[in-house]
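No experiment lies behind these values; they were computed from the predicted model shown.
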Amino acid sequence: MRKIPLALWIVLLAALALRVGWAATRPVDDAAIAQLPDQREYLDVAHSLLSGEGFSFTDPRFTQRVYAYRTPGYPLMLAATGGNIRIARIVQALLDTSNVLAAYLLARRWLDRRASVIAAALVAFNPFLIYFSGLLLTETLFTAMLAWGMVLITSRRRIPWLVGGIVLAASVLVRPGALPLPIILGVLGALATRARAPANRRAEPAYHRWFALPVGTSMLLLTILVLLPWAIRNHRVLGRWIWTSTNGGITRYDGFNADATGASDQSFVAAMPQLRSMSETDRDEYLGREASDFIRTRPVDSIKLAGAKVMRTWSPRPLSSEFSRTRYVIVAMGYSVPFFALFLMAWLTSPMPATAKLFLAAPAVYLTVAAALSVGSLRYRIPAEVPMAVVAAAVFSRQKPSDNGDAV
């Protein structure tokens with residue numbers, strides 16, 4: 001790894017101080033955790049695992065124990081901290097600080113050192129990343145896996161590329177909606193890596209000669225291999241091959257029903273008593289079919305809902321009433337508006353290779369489409385903002401794109 005410049009050290013220390021400070025001031029009482037039901041569910045799965053009951057928790061809405069409603073990636077991290085909320089938040093502060101370094105290393109693939117430090121600073125002072133690092137949600141872990149996976153799969157070295165592929169595949173066990181993303185990034189990463197090959201070196205990266213398979217096929221196989229133990233476990237426990245989770249149907253119906261607004265509101269569960277008599281797999285399939293029927297019979301409403309979800313996902317200001325006060329709005333928009341403007345400016349004017357821009361923007365595009373097909377929330381775009389920062393920082397690069405060598 002190259003020597004880290006002093007400016008980057010300063011940015012890293014500032015990022016760590018902000019995140020640890022935020023984590024240390026967040027309440028840990030039950031009321032704070034209950035504000036977001038997802039937090040309680042992840043904690044319950046972690047405690048169940050620690051007590052020897054495996055990956056499961058009791059869903060009070062159905063008075064039923066569910067076994068594949070949450071994928072195991074994030075609960076495993078919580079279990080590794082002993083289910084201690086404060087320790088988990090400190091771990092997330094460290095993980096999110098590592099995203100600052102990942103942004104720098106990723107930027108060095110195509111940008112000069114100065115612009116790469118700016119990319120790191122854009123991540124370090126991102127108020128949304130700081131905020132979510134203090135919540136027991138999947139965003140911070142998934143963002144770190146996405147960012148470091150992208151760093152590693154753009155390496156020409158064999159082992160880092162393989163590790164990057166495994167990390168991206170494993171990220172699906174943290175956010176199941178990202179299932180196709182490792183394959184997409186594998187293919188685009190290979191194209192972006194070719195684009196920065198020097199003239200006196202073969203354009204074909206080493207991993208292409210190591211695997212006698214196309215990159216997309218290699219990433220597909222890696223993803224299947226990583227998910228297979230979870231799928232086997234689910235088949236043993238539930239009698240069905242569940243490769244991700246049984247949460248997809250309820251999330252899809254949450255986004256497409258007669259009362260949907262684009263936001264998540266699962267109050268419909270109380271109005272559907274038949275759900276309580278179903279197994280979690282039957283409930284998943286039933287709600288998925290209901291959502292598909294809504295889309296088929298009400299296409300105009302579905303398109304309007306998809307648009308509302310996209311707008312929510314890319315809102316430059318907080319969406320929750322808790323953070324709607326003026327000072328929070330000023331901080332959020334003071335960051336988001338210039339950040340989005342830099343990204344668009346760099347996309348249109350930067351000499352960074354088009355393949356690199358596509359690779360770095362792919363998570364944003366994919367997560368936007370995924371939100372349009374489910375529910376819209378600002379939190380769902382957060383992982384995309386690390387690679388977006390690299391594109392945004394290209395505005396400040398003074399050199400033409402060239403091969404900067406491998407940072408890892």
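Using a distance-only test at 3.5 Å, with no hydrogens or angles considered, no donor-acceptor pair links the side chain of Ser48 to the main chain of Asp44. A distance-only check finds no donor-acceptor pair linking the side chain of Arg70 to the backbone of Ser56 [under 3.5 Å]. Tyr335 places a side-chain N or O within 3.5 Å of a backbone atom of Leu122 that can act as its donor or acceptor partner. For Gln39 (side chain) and Leu136 (main-chain N/O), a donor-acceptor pair under 3.5 Å exists by modelled atom type. Distance alone, capped at 3.5 Å, places no donor-acceptor pair between the Arg19 side chain and the Ala93 backbone. A donor-acceptor pair under 3.5 Å links the side-chain atoms of Asn257 to the main chain of Tyr253, judged by distance alone. A donor-acceptor pair is defined here as one N or O able to donate and one able to accept, closer than 3.5 Å; no such pair exists between the side chain of Thr63 and the backbone of Pro60. The backbone N or O of Arg317 lies less than 3.5 Å from a partner atom in the side chain of Ser315, making a donor-acceptor pair. A donor-acceptor contact shorter than 3.5 Å links the side chain of Arg89 to the backbone of Arg26. When atom types are taken as modelled, the side chain of Asp284 and the backbone of Gly249 share a donor-acceptor pair closer than 3.5 angstrom.
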### Task
Would you check, one step at a time, whether the test salt bridge (Lys or Arg N to Asp or Glu O under 4.0 Å) holds for Arg61 with Asp59?
CA-CA 5 Å; Arg61 298 172 300 177; Asp59 192 327; 2.9 Å; yes

#### Entry: Ile90/Arg86 under side-chain contact (heavy atoms from CB on, under 4.5 Å): CA gap, chis, key distance, verdict
CA-CA 6 Å; Ile90 295 300; Arg86 292 196 186 279; 5.6 Å; no

### Query
salt bridge (Lys or Arg N to Asp or Glu O under 4.0 Å) between Asp293 and Arg289: does it pass, once the steps are laid out?
CA-CA 6 Å; Asp293 288 344; Arg289 287 195 303 270; over 6 Å; no

### Query
Can Arg109 and Thr154 be said to form a side-chain hydrogen bond (donor to acceptor under 3.5 Å, both in side chains), step by step?
CA-CA 8 Å; Arg109 302 292 197 221; Thr154 50; 3.0 Å; yes

### Task
Check the pair Gln266, Phe268 against side-chain contact (heavy atoms from CB on, under 4.5 Å), reporting the backbone distance first and the verdict last.
CA-CA 5 Å; Gln266 297 188 3; Phe268 59 82; 4.1 Å; yes

#### Entry: Test side-chain contact (heavy atoms from CB on, under 4.5 Å) applied to Val375 and Tyr380, step by step
CA-CA 9 Å; Val375 292; Tyr380 299 139; 3.8 Å; yes

### Message
Before you tell me yes or no, could you show the steps for Glu385 and Phe339 under side-chain contact (heavy atoms from CB on, under 4.5 Å), namely the whole-Å CA-CA distance, both residues' side-chain angles and the distance that decides it to 0.1 Å?
### Response
CA-CA 9 Å; Glu385 294 197 356; Phe339 179 72; 4.3 Å; yes

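Side-chain contact between Leu287 and Phe256: absent, with no pair of heavy atoms (C-beta onward) separated by less than 4.5 Å. No side-chain heavy atom of Phe142 sits less than 4.5 Å from a side-chain heavy atom of Ile382. The closest side-chain heavy-atom distance from Trp243 to Leu179 is not below 4.5 Å. Using a 4.5 Å heavy-atom cutoff, the side chains of Leu367 and Thr313 are not in contact. Contact annotation: the side chain of Pro363 never approaches that of Met388 to less than 4.5 Å [non-hydrogen atoms, C-beta and beyond]. Residues Ser302 and Arg296 have side chains not in contact (no heavy-atom distance under 4.5 Å, counting atoms from C-beta outward). At a threshold of 4.5 Å between non-hydrogen side-chain atoms, the residues Pro5 and Arg113 count as touching. Using a 4.5 Å heavy-atom cutoff, the side chains of Val226 and Val172 are not in contact.
Side-chain contact check for Trp22 and Ser133: no donor-acceptor pair (N or O, by modelled atom type) lies under 3.5 Å. Using modelled atom types and a 3.5 Å distance limit, the side chains of Ser279 and Asp282 yield a donor-acceptor pair. Residues Ser264 and Asp254 bring a donor and an acceptor atom of their side chains to less than 3.5 Å of each other. Side chain to side chain, Trp314 and Thr368 meet the donor-acceptor criterion of an N or O pair below 3.5 Å. Residues Arg283 and Gln274 have side chains that never bring a donor and an acceptor to within less than 3.5 angstrom of each other.
Taken to the nearest 0.5 Å, the CD1 atom of Ile85 stands 5.0 Å off from the CG atom of Leu43. How far CE of Met219 is from CD1 of Ile153: 6.0 Å, rounded to the nearest 0.5 Å. Atom CG of Leu12 is separated from atom CG of Leu16 by 8.5 Å, given to the nearest 0.5 angstrom. Of the inter-residue distances, the one linking Leu228 atom CG with His235 atom NE2 reads 11.5 Å to the nearest 0.5 angstrom. Expressed to the nearest 0.5 Å, how far OG1 of Thr143 lies from CZ of Phe128 amounts to 13.5 Å.
Between Arg381 and Glu139 there is no salt bridge, since none of the side-chain N atoms of the basic residue sits less than 4.0 Å from a carboxylate O of the acidic one. Using a 4.0 Å cut-off between charged nitrogen and carboxylate oxygen, Glu280 and Arg65 do not count as a salt-bridge pair.
Checked options Leu221, Leu227, Leu225; the residue passing with Thr223 is Leu227 (criterion: side chain to side chain contact (heavy atoms under 4.5 Å, CB included)).
Looking at every heavy atom in both residues, Val386 comes nearest to Asn99 through CG1-O, 4.1 Å. Contact between Val390 and Ala119 at its shortest, heavy atoms only, is CA-CB, 4.1 Å.
For CH2 of Trp241, the number of neighbouring non-hydrogen atoms (other residues, nucleotides, ligands) closer than 6.0 Å is greater than 12.
Residues Tyr67 and Phe55 place their aromatic rings such that the two centres sit no closer than 6.0 Å.
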